[in-house]
Amino acid sequence: TFQPTTGRSLCVNCADGTYQASTGQTLCVGCAAGTYTSASTGKSACVGCGQGTYQPSTGQTSCVGCPAGTYGTSTGLSSCIPCTAGHFDNTTGRTSDCPNFCPIGKYSDAGAIACSSCADGTYQADTGQASCVGCPLGQYLRANSTAVADACKSCSAGTYQDASGQAKCKACPPGKLSIPNRFTCDSCQAGQFANVSECVNCEFGKYAPVPLTGACLVCGPGQRTSKQSAATQCTRCDAGTYSDGLTSNCTVCTPGRYS
């Protein structure tokens, strides 16, 4: 109790949320954060919040349960402890760490009430984890795939991936093919084309001035290649000869004809 005015016959009870531990006082003191008083507790001392509860403000009349994703193991808390990363729980007033572990393919930050799925290009093969792992170079993981250890797939022939944690692979540029580990592409040579997994020489009557993809170019009528394979250009038939194209040799005009 207290009495702020002189000449009074009675003292005044401290208000809820305050206390006074000494006699002969003119005012009461607000309870510290983590403590409270109410009509049922008396006002000579503040009471610490119980386990699983907290009070962040001063001068309060009660405590509140620790929010979901947190817990309180001791009394008199002004804040609760976030649950360990990789754990989760959606109940309030917990007195110990969250009991639930994130399943395979998911993770959680500290203080989570639920787990999050691993992002595209990442996976998690263990339970109770705080993060996911990016697929290595040359591999990918599609959106909505089951994120487990063996889920990352190697890029297919003709594609590559030079960054980790990706959801898809990239096509090799024209005239290039992916190396076995699929994290980069190697170039074919002029006179060749990239056929998914190997460089192929252009056949007679066809050419590639630069490395191409899928097929070589065809020499047209009146032209030929100067070599049987891996030609880089077409050559015009000499006077007195001709071709229908797609050949490495021109044909001599028959008697009575010319070119």
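Just so you know, residue 1 is the first one in the sequence shown, and it goes up from there. Only a predicted model underlies this, so the values are computations on that prediction, with no experimental measurement involved.
- For the pair Gln129 (side chain) and Thr127 (backbone), a donor-acceptor distance under 3.5 Å is present.
- The two atoms that bring Phe88 and Ile113 nearest to each other are CD1-O, 3.6 Å, heavy atoms only.
- Atom OH of Tyr140 sits about 7.5 Å away from atom OG1 of Thr159, to the nearest 0.5 Å.
- Val200 and Leu217 fall within the same hydrophobic cluster, where Ile, Leu, Val, Met, Phe, Trp and Tyr residues are linked whenever their side-chain heavy atoms come under 4.5 Å apart, directly or through other members.
- Although no hydrogens or angles enter the test, the distance criterion places no donor-acceptor pair under 3.5 Å between the side chain of Gln166 and the main chain of Ala163.
- Remark: the backbone N or O of Lys176 is not paired with any side-chain donor or acceptor of Ser187 at under 3.5 angstrom.
- The distance from the OG1 atom of Thr91 to the OH atom of Tyr71 is 13.5 Å, given to the nearest 0.5 Å.
- Looking at Ser259, its side chain never comes within 3.5 Å of a backbone N or O of Ala239 through a donor-acceptor pair.
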_Please determine whether side chain to side chain contact (heavy atoms under 4.5 Å, CB included) holds for the pair Cys188 and Leu177, giving the CA-CA distance in whole Å, both sets of side-chain angles, and the decisive distance to 0.1 Å._
CA-CA 8 Å; Cys188 296; Leu177 49 84; 4.0 Å; yes

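- Remark: of the listed residues Lys206, Gln192, Gln189, Gln192 is the sole one forming a side chain to side chain donor-acceptor pair (under 3.5 Å) with Asn201.
- Between the side chain of Ser108 and the backbone N or O of Gly86 there is at least one donor-acceptor pair closer than 3.5 Å.
- Between Pro209 and Ala190 the shortest heavy-atom distance is O-CB, 3.6 Å.
- For the pair Ser164/Pro136, no side-chain contact is recorded, criterion being any heavy-atom separation below 4.5 Å from C-beta on.
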*With side chain to side chain contact (heavy atoms under 4.5 Å, CB included) as the test, would you mind laying out the steps for Cys132 and Tyr123 before giving the verdict?*
CA-CA 5 Å; Cys132 296; Tyr123 70 94; over 6 Å; no

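- A donor-acceptor contact closer than 3.5 angstrom is absent between the side chains of Thr247 and Asn249.
- Residues Lys170 and Gln161 meet the side-chain proximity criterion, which asks for heavy atoms closer than 4.5 Å.
- Once rounded to the nearest 0.5 Å, the distance linking SG of Cys219 with CD of Gln223 reads 5.5 Å.
- In this structure, Ser116 OG and Asp109 CG are separated by 7.0 Å, a value rounded to the nearest 0.5 Å.
- Between Cys31 and Tyr19 there is a side-chain heavy-atom pair separated by less than 4.5 Å.
- For His87 (side chain) and Phe101 (main-chain N/O), no donor-acceptor pair under 3.5 Å exists by modelled atom type.
- Across all non-hydrogen atoms, the minimal contact from Cys28 to Thr18 is CB-OG1, 3.6 Å.
- Atom-to-atom distance recorded for Cys169:SG and Lys153:NZ is 12.5 Å, nearest 0.5 angstrom.
- Counting all heavy atoms, side chain and backbone alike, Ser156 lies closest to Ser178 at O-OG, 3.9 Å.
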*Passes salt bridge (charged side-chain N to carboxylate O under 4.0 Å, His left out), Asp16 versus Lys43? Steps please.*
CA-CA 8 Å; Asp16 291 349; Lys43 308 296 174 58; 2.8 Å; yes

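- In this structure, Thr35 and Gly48 approach most closely via the heavy-atom pair CG2-CA, 4.0 Å.
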*Would you sort out whether Thr70 and Ile81 count as a side chain to side chain contact (heavy atoms under 4.5 Å, CB included), showing the intermediate values?*
CA-CA 5 Å; Thr70 68; Ile81 304 167; 5.9 Å; no

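- Taking the side chain as every heavy atom from C-beta outward, Cys155 and Tyr160 never approach each other to under 4.5 Å.
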*asked:* Please evaluate residues Val64 and Tyr54 with respect to the criterion side chain to side chain contact (heavy atoms under 4.5 Å, CB included), reporting the C-alpha separation (whole Å), side-chain torsions for both, the decisive distance (0.1 Å), and the verdict.
replied: CA-CA 6 Å; Val64 293; Tyr54 77 111; 3.3 Å; yes

List, one per line, each side-chain donor-acceptor pair under 3.5 Å for residues 224-237, sequence neighbours excluded.
from: Thr225; atom 1: OG1; to: Gly205; atom 2: N; distance (Å): 3.1
from: Thr225; atom 1: OG1; to: Lys227; atom 2: O; distance (Å): 3.1
from: Gln228; atom 1: NE2; to: Ser248; atom 2: OG; distance (Å): 2.8

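- In this structure, the side chains of Tyr36 and Thr61 stay at 4.5 Å or more apart for every pair of heavy atoms.
- Atom OH of residue Tyr107 and atom SG of residue Cys118 lie 7.5 Å apart, to the nearest 0.5 angstrom.
- Counting heavy-atom neighbours within 6.0 Å of Asp97 CG, excluding the residue itself, gives a total above 12.
- A chain of hydrophobic side-chain contacts below 4.5 Å, direct or via other Ile, Leu, Val, Met, Phe, Trp or Tyr residues, connects Val133 to Leu141.
- A side-chain donor-acceptor contact under 3.5 Å links Gln55 to the backbone of Ser57.
- Side chain of Gln25 to main chain of Leu27: no donor-acceptor pair is present (N/O by atom type, distance under 3.5 Å, no hydrogens or angles).
- Of all heavy-atom pairs between Pro67 and Cys80, the closest is CD-SG, 4.2 Å.
- Using a 4.5 Å heavy-atom threshold, the side chains of Ile104 and Gln124 count as separate.
- Within the 4.5 Å cutoff, no side-chain heavy atoms of Arg94 are placed close to those of Cys66.
- At a threshold of 4.5 Å between non-hydrogen side-chain atoms, the residues Pro56 and Ser79 do not count as touching.
- If you chain together hydrophobic residues whose side chains sit under 4.5 Å apart, Val210 and Tyr207 fall into the same group.
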